[in-house]
Amino acid sequence: MYDALLLVSFGGPEHPDDVLPFLANVTRGRGVPPERLAEVAEHYQHFGGVSPINQQCRALMGAIQEGTDLPVYWGNRNWHPMLADTVAQMRDEGVKRALAFVTSAYGGYSSCRQYLEDIAAARAAVGPTAPAIDKLRHFHDHPGFVEPHADAVRAARATLPPGGDLRVVFTAHSIPTSMAATAGPDGGRYEAQLNETAALVSAAGAPDLPWDLVWQSRSGPPHVPWLEPDVNDHLTALAERGVTGVVVSPIGFVSDHLEVIWDLDNEAASTAKRLGLDYARAATPGTDPRFVAMVHDLVRERVNAPESVRRSRLGTLPLWDTCPVGCCPPPRRGAAQ
């Protein structure tokens, strides 16, 4: 049924001169204030204008290729290799029908629907001979995603001083509250999936510790409501309540790209130090063999008839292979995303 696998990701700059053009692609039409763009550009310049996400995708693509006979391609939403260029390459190399694995585990407009739009736009740019491309399902509760996060929480906790009042703080990318309200066919799916993932990771990695789900990486104009609290505000509140240490786990992400490194390893870590909180940041799955095996499992699941396979999952929220019409509608034109 399928003759290729396409890895689809966000993309990131790989040279200082790439930073502003990349950010222009990311924020086009979103009403992001210029001062916020300048601030984010400075984050990239701290790392030589290079985002780690592209190299992480190269490593993931190589690891996935080792376990499948399908050729594995890679295309990005916002920077080279651009998705349309990759789809053209696939056509030129004879690909007729491909599966797409997107490096986002959750439902929502920017985390799912927009990738479907990107794939459709890339196919339209290539023309009628473009291969058909079907996106694999959400994987927020797959053991290959949950277990690496849980092990990372356990390992991070082991680096903190024993005793004290500890807490796990799970983080994900904040989005406008209006977008969160319409995520999924009935709304609220982004938050619901993240809460389910947090509960699963907590139960496996730190069942004796309380946990919270908070948000990071807000980028919209101040007047637009986004999901709160921000991780830095939450750390302040925890310190005021007498918490002495935190394990911060970025369950909203699959790899340690720049938002994870800057927002958590720099800003949140600095906040914790100022507050006197012991702080440990848990790793993301990256190329953990269980995460790579999950990709292969999702492919096998789709290739086989859905009724003939048992989905590998730990949660109870509904899952589907094809998003319903009208699921996760795009934000209103001009609204922040």
Side-chain angles (χ1 to χ4, degrees), residues 8-10 26 29-30 77 99-121 133-146 149 170-203 211-220 224-229 249-254 259 285 294-295 297-298 301-302 306-307 309-337:
V8 184
S9 193
F10 192 81
V26 173
R30 296 187 179 187
R77 169 187 289 175
L99 285 168
F101 174 74
V102 172
T103 56
S104 171
Y106 303 96
Y109 177 73
S110 60
S111 54
C112 181
R113 172 64 65 179
Q114 192 174 10
Y115 281 108
L116 291 171
E117 294 176 352
D118 294 336
I119 291 170
I133 301 173
D134 297 327
K135 178 181 175 295
L136 292 167
R137 68 168 174 89
H138 303 159
F139 52 89
H140 78 284
D141 65 344
H142 195 287
F145 183 65
V146 171
H149 274 298
F170 295 107
T171 71
H173 204 299
S174 184
I175 60 174
T177 56
S178 59
M179 189 186 294
T182 58
D186 303 312
R189 182 52 53 94
Y190 182 66
E191 291 172 277
Q193 288 178 324
L194 279 158
N195 272 290
E196 185 164 69
T197 302
L200 293 168
V201 172
S202 173
W211 60 269
D212 308 292
L213 174 63
V214 302
W215 311 97
Q216 64 172 87
S217 310
R218 176 192 167 122
S219 60
V224 176
W226 282 50
L227 293 176
E228 295 178 339
S249 172
I251 57 168
F253 306 93
V254 303
E259 284 180 315
M294 178 200 76
V295 180
D297 184 54
L298 294 177
E301 179 185 293
R302 179 64 70 89
E307 62 270 18
V309 294
R310 179 178 62 84
R311 294 187 191 272
S312 297
R313 57 175 314 199
L314 301 171
T316 60
L317 290 172
L319 291 173
W320 51 81
D321 290 331
T322 304
C323 292
V325 175
C327 183
C328 304
R332 291 177 290 105
R333 179 179 289 275
Q337 299 176 24

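Using a 4.5 Å heavy-atom cutoff, the side chains of Met179 and Ser174 are not in contact. Within the 4.5 Å cutoff, the side chain of Ser202 has heavy atoms near those of the Phe170 side chain. Val254 has its side chain within reach of Phe145: a pair of non-hydrogen atoms, C-beta onward, lies under 4.5 Å apart. Contact check for Cys323 versus Cys112: side-chain heavy atoms found under the 4.5 Å cut-off. A 4.5 Å side-chain heavy-atom check between Leu116 and Arg113 finds at least one atom pair inside the cut-off. Contact check for Leu227 versus Thr177: side-chain heavy atoms found under the 4.5 Å cut-off. Side-chain contact check for Tyr109 versus Glu117: some heavy-atom pair is nearer than 4.5 Å. Side-chain contact between Asp321 and Glu301 is present, with heavy atoms from C-beta onward closer than 4.5 Å.
Under the 30°/60° scheme for interplanar angles, the aromatic rings of His140 and Tyr106 are found to be tilted. Ring planes of Trp226 and His173: tilted class, angle from 30 to 60°.
In terms of the side chain to side chain contact (heavy atoms under 4.5 Å, CB included) criterion, residue partners of Pro185 (sequence neighbours excluded) are, by chain and number, Trp320, Pro324, Cys327.
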Verdict with supporting geometry, Lys135 and Asp118, salt bridge (charged side-chain N to carboxylate O under 4.0 Å, His left out): CA-CA 11 Å; Lys135 178 181 175 295; Asp118 294 336; over 6 Å; no
What's the verdict on side-chain contact (heavy atoms from CB on, under 4.5 Å) for Arg137 and Leu298, showing C-alpha distance, side-chain angles and the deciding distance? CA-CA 8 Å; Arg137 68 168 174 89; Leu298 294 177; 3.7 Å; yes
Step by step, work out the side-chain contact (heavy atoms from CB on, under 4.5 Å) result for Met294 and Val146. CA-CA 10 Å; Met294 178 200 76; Val146 171; over 6 Å; no
Could you go step by step and tell me if Phe10 and Glu259 meet the side-chain contact (heavy atoms from CB on, under 4.5 Å) rule? CA-CA 12 Å; Phe10 192 81; Glu259 284 180 315; over 6 Å; no
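Residues Gly107 and Ala183 share a closest heavy-atom pair of O-CB, 4.4 Å. Heavy atoms only, all atoms of each residue included: Thr171 and Pro250 are closest at OG1-CA, 3.3 Å. Here the shortest heavy-atom pairing between Val214 and Pro229 reads CB-O, 3.5 Å. For Tyr115 against Ser110, the heavy-atom pair with the smallest separation is CE1-O, 3.7 Å.
Screening Leu317, Leu319, Thr197, Val201 for a side-chain contact (heavy atoms from CB on, under 4.5 Å) involving Asp141 leaves a single residue, Leu319.
For the atom pair Glu196 CD and Ile251 CD1, the distance stands at 10.5 Å (nearest 0.5 Å). Separation of atoms CG (Leu200) and NE2 (His149) is listed at 11.5 Å; rounding is to 0.5 Å. Rounding to the nearest 0.5 Å places OG1 of Thr182 at 13.0 Å from OH of Tyr190. Rounded to the nearest 0.5 Å, atoms CG (Leu213) and OG (Ser249) are 10.0 Å apart.
Of the possible polar contacts, one joining the His142 side chain to the Gly144 backbone as a donor-acceptor pair under 3.5 Å is found.
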